[in-house]
Amino acid sequence: MDEQDFKIPPIEGNLVDIVMAIMFRLAGLCMLGLMGLVFASVIFRYFLNSPMIGVEDWMGMLLGLTIFMALPFVTRGRGHIQVDLLVRL
């Protein structure tokens, strides 16, 4: 794997490349939102003694969106984890 395989894709090219680049950026925004929710949940629960209701549901949805929006980018760059024993079969 080269470092070039995992650069942020530009929003140019054919329709598939454009959609993939937009989805990659949306996956990053979902990851930032997920990080913000976890941070806010910890602050509210431990420092303000008031847990936030429904945060776990939102975190599950954002995690699913992050995974499936980044999937085309990882597939195109062949960045999936492979076990050598099974790949050689």
Side-chain angles (χ1 to χ4, degrees):
M1 283 287 142
D2 290 353
E3 184 179 313
Q4 182 153 352
D5 290 339
F6 293 103
K7 288 187 177 179
I8 296 175
I11 302 178
E12 60 185 22
N14 59 15
L15 182 63
V16 173
D17 290 337
I18 292 170
V19 170
M20 183 186 68
I22 291 171
M23 287 177 64
F24 183 75
R25 285 166 174 78
L26 288 174
L29 289 176
C30 286
M31 186 65 76
L32 283 174
L34 183 62
M35 186 176 57
L37 275 177
V38 170
F39 179 76
S41 179
V42 168
I43 295 297
F44 273 76
R45 180 176 301 269
Y46 292 109
F47 295 115
L48 301 177
N49 203 19
S50 175
M52 297 171 67
I53 297 172
V55 172
E56 289 83 10
D57 297 329
W58 280 99
M59 288 191 299
M61 285 187 268
L62 283 175
L63 183 61
L65 283 172
T66 301
I67 290 169
F68 286 108
M69 279 198 241
L71 189 63
F73 177 73
V74 173
T75 302
R76 178 166 275 189
R78 297 188 174 269
H80 293 288
I81 298 172
Q82 298 176 348
V83 178
D84 289 338
L85 177 68
L86 298 177
V87 172
R88 293 181 186 166
L89 290 177

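The first residue in the sequence is number 1, and the count goes up from there. The figures that follow rest on heavy atoms only: side chains count, while hydrogens, waters and symmetry mates do not.
Hydrophobic cluster membership differs between Phe47 and Met35, with clusters built from Ile, Leu, Val, Met, Phe, Trp and Tyr side chains linked at under 4.5 angstrom. A continuous path of Ile, Leu, Val, Met, Phe, Trp and Tyr side chains, each step under 4.5 Å between heavy atoms, connects Ile67 with Leu37, placing both in one hydrophobic cluster. Residues Leu26 and Ile18 are members of one and the same hydrophobic cluster, defined by side-chain heavy-atom contacts under 4.5 angstrom among Ile, Leu, Val, Met, Phe, Trp and Tyr. The same ILVMFWY cluster, assembled from side-chain heavy atoms under 4.5 Å apart, contains both Met23 and Leu15. Val55 and Leu63 fall within a single hydrophobic cluster, where Ile, Leu, Val, Met, Phe, Trp and Tyr side chains are chained together by heavy-atom contacts under 4.5 Å.
With rounding to the nearest 0.5 Å, the separation of CG in Asp17 from CZ in Phe73 is 11.5 Å.
Panel note: side chain Thr66, backbone Leu62; a donor-acceptor pair is recorded below 3.5 Å.
Shown here for Glu56 and Arg45, the closest heavy-atom pair between the two residues is OE2-NH2, 3.9 Å. In plain terms, the two heavy atoms of Met20 and Pro72 that are nearest each other are SD-O, 3.9 Å.
Atom CD1 of Ile53 is surrounded by 12 or fewer heavy atoms from other residues, nucleotides or ligands within 6.0 Å. More than 12 heavy atoms of other residues, nucleotides or ligands lie within 6.0 Å of CE in Met52, so this atom counts as buried by the packing criterion. Few gaps surround CG on Asn14; more than 12 heavy atoms of other groups in view lie less than 6.0 Å from it.
In this structure the side chain of Met31 reaches within 4.5 angstrom of the side chain of Leu34, judged on heavy atoms.
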